[in-house]
Amino acid sequence: MAAESVTRMSSAASSLCNFNGSKRPVLISNRVNSSRTRIRCVKVQSLASASMSEFFGNSRLCSVNASRSLGLSQKTKKNGFSIFAMATAEEEKRTVPLKDYRNIGIMAHIDAGKTTTTERVLYYTGRNYKIGEVHEGTATMDWMEQEQERGITITSAATTTFWNKHRINIIDTPGHVDFTLEVERALRVLDGAICLFDSVAGVEPQSETVWRQADKYGVPRICFVNKMDRLGANFFRTRDMIISNLGANPLVLQIPIGSEDTFKGLVDLVTMKAIVWSGEELGAKFSYEDIPADLQELAEEYRAAMIEMVVELDDDAMEQYLEGVEPDEETIKKLIRKGTISANFVPVLCGSAFKNKGVQPLLDAVVDYLPSPVDLPPMKGTDPDNPELIIERAASDDEPFSGLAFKIMNDSFVGSLTFVRVYSGKLTAGSYVLNANKGKKERIGRLLEMHANSREDVKTALTGDIVALAGLKDTITGETLSDPEKPVVLERMDFPDPVIKVAIEPKTKADIDKMAQGLVKLAQEDPSFHFSRDEEINQTVIEGMGELHLEIIVDRLKREFKVEANVGAPQVNYRESISRIAETKYVHKKQSGGSGQFADITVRFEPMEAGGGYEFKSEIKGGSVPKEYIPGVMKGLEECMSNGVLAGFPVVDVRAVLVDGSYHDVDSSVLAFQLAARGAFREGMRKAAPQLLEPIMKVEVVTPEEHLGDVIGDLNSRRGQINSFGDKPGGLKVVDSLVPLAEMFSYVSTLRGMTKGRASYVMQLAKFDVVPQHIQNQLATKKEETAAA
Ligand SMILES: Nc1nc2c(ncn2[C@@H]2O[C@H](COP(=O)(O)OP(=O)(O)OP(=O)(O)O)[C@@H](O)[C@H]2O)c(=O)[nH]1
């Protein structure tokens, strides 16, 4: 191929320029590729970098991907000349109509095959020349060192690719529950999703969690039952579990031909053709064949069920169907698309990503059935100056610009990268946008189209694009960037609160500042990671979603910020709340020498529903507390909310209502009211029956039957509540339980020891619940001892 390219370029060279043997680079081809990057190919006799930079200015050697789209390798040699492809951002023109955009995510339980499927998608769409395998640690999307070592996805990676003239932006998301925030933020900005299932395990706990998250954001989805080649694979059982465990309405579009090691293809129920792959190697070809005789009846049965479901969506089609006329292929596809986007049903497909079967039809389904930005309702937001005023932004390049920052990533070359989904209008390098949440302008420096961790400069991002912006100063995850003249604040995403924490200190004192800088950067990237420093006891505490989450943070401190740290034992992040309404009157009065201090307030503390957070309300009428002092009350209360009266944990689900008060013309001040609020908090919270809450985890253990007794006994000894038992293929038993997180540290090694490594478990946060009294007492005593020390 290299020789062929050189021949083609040489002939292009003669028409474009007159190569005279000088050492100047000579332009031999100049065009814009599909990802809107100008690729200029040159040939040079020697690597004279001065003349190269003179020739190309600030353009960069283009990535392998960009040059491949021209049919070139990045560097080829012929007749003593080196040929380079160079890429520069080009003024954008829409090359793919917005209706042909698909912004999709791939979500699933850990290890269901998301990364493997994404890698195949990249290969079959021509994005990746050589495929990366997860088990070899070479997957393109799992680009962090930790991801490659552990074979898991930690950060969601974005990439853009093309299929049947459609532009597909894909975000690969992690399955491990500790990184659930990554799934959440991906779902917030995606228009559609592929939900993967392992056909042996069926619908697993984390699949349920991501399904509910997708429901929350109303993301239309299609299901892909993967791993059909594995021992114990069962497509129809997985379909049944989609109904029973997810409460969804599956629309089966394919049935498998064979299963386990005989799996060789599928029957497409829309065309009623068998699709059979010639082998299982990468790039194996497929052919359309007649449906095998032994599957004909089953295929007809499932096709009939499929047709019945889709004609429900169209009166004409229904009428004709009742008269015995089936809709044609085009109508069936149109109705499947309609029902998928309106969530009437979820199409179900199958295959084996690892054995390269089923990926091309899956891509067809993405294009045929998942929505483009124009198929979805306009994005809703509010006016930053008037949060009551709803503003809509339709998906169009002609609308004012609006976009949502959904991820911050620190990059050793470019600095901080902010990932933005463009909802309307255009974003151009060098322009200014408004961070509408903060009211601050940001300059757009470089715009990058990401391909896992490699990138290409683009000059303009258009509606529907997902781009990374280099060098934003003030914008954090969840904030809206908009046209400064037409500002809008788009709906934010939810961030989960950390559930565990550990104390951390650098191994060498000299690294204290370096560690702090690293923690600031990591917290900017990841809103589910928090850290704080208690100067009094000289301790830094990091908080996160689980042991693995914090382990990765400590590992990143070491690798990326060169700080080795000692880490304490993990502790639970308890919360404090109240269980009844209580009202308290507090007078802050001080007369010492000069001017005095006076503030009198009555505050009512009310419990709120779980997840209610903290709320402040004022019911002051007639100025008993003048308006200018109310911020003092708010500040005083807010300060106390991070430090509950029981054991100093953050206070949640409480509403504080300022009901009455009085002031003094001379001695009252904002500060006096702030101090009064602190006093009211201490007294009022004690009266309101405070209680300690702890995270309760849903724990699912899969174990061989002979270890079932030990597993249950152990869960019981951890204050666990066993909810149900079930069976899994291969004689395995499933135990579903609720266990306090405080009892689950290091469970992985206990379980391994108890079952000789034959059992596995997953856990995720189920709820917060009241801590038993004797443990509350222990924690309160511990707090007193620490305070005394
Ligand atoms: N037999 C078989 N194995 C598969 C298939 N797809 C993926 N695998 C294997 O399953 C394991 C997990 O695959 P991944 O692609 O890393 O799964 P993931 O869902 O991205 O995992 P996380 O990102 O860690 O949640 C790897 O060893 C894959 O090689 C398949 O179709 N058949």
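One-based numbering, in listed order, for ligands and for the atoms of each.
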Practice task
Report yes if Met228 has an N/O atom closer than 3.5 Å to an N/O atom of ligand 1; otherwise report no.
Solution key: no
Exercise for the section: Return the option from Lys357, Lys114, Glu280 holding the heavy atom at the smallest distance from atom 18 (P) of ligand 1. Expected result: Lys114
Exercise for the section: Just let me know how Lys227 lines up against ligand 1, side chain, backbone, both or neither, with a heavy-atom cut-off below 4.0 Å. Expected result: both
Handout entry: Polar atom proximity, Lys355 to ligand 1 (N or O, under 3.5 Å)
Key = no
Exercise for the section: May I ask you to check if ligand 1 and Ala353 share an N or O to N or O distance below 3.5 Å? Expected result: yes
Exercise for the section: Counting heavy atoms only, name the option from Asn356, Val359, Asp229 that's nearest to atom 1 (N) of ligand 1. Expected result: Asp229
Fill in the blank from the handout: Quick note on ligand 1: atoms under 4.0 Å from a heavy atom of Ser352 include exactly 30 (C), 31 (O), 32 (N)
Practice task
Nearest 0.5 Å please: distance from the CD atom of Glu119 over to the OH atom of Tyr123.
Solution key: 13.0 Å
Handout entry: Glu281 atom CD: more than 12 heavy-atom contacts under 6.0 Å
Key = yes
Exercise for the section: Cation-pi check, Arg102 to Trp163: give yes when NZ or CZ is under 6.0 Å from the six-membered ring centre and within 45° of the ring axis, no otherwise. Expected result: no
Practice task
Measure the acute angle between the ring planes of His549 and Phe529, then classify it against the limits of 30° and 60° as parallel, tilted or perpendicular.
Solution key: perpendicular
Handout entry: Short N or O distance, Thr115 and ligand 1, threshold 3.5 Å exclusive
Key = yes
Practice task
Indicate, with yes or no, if the rings of Tyr761 and Tyr747 have centres closer together than 6.0 Å.
Solution key: yes
Expected list for residues 264-271: side-chain donor-acceptor pairs under 3.5 angstrom, two or more places apart:
unit_1	atom_1	unit_2	atom_2	d
Asp268	OD1	Val270	N	2.8
Asp268	OD1	Thr271	N	3.4
Asp268	OD2	Thr271	OG1	3.4

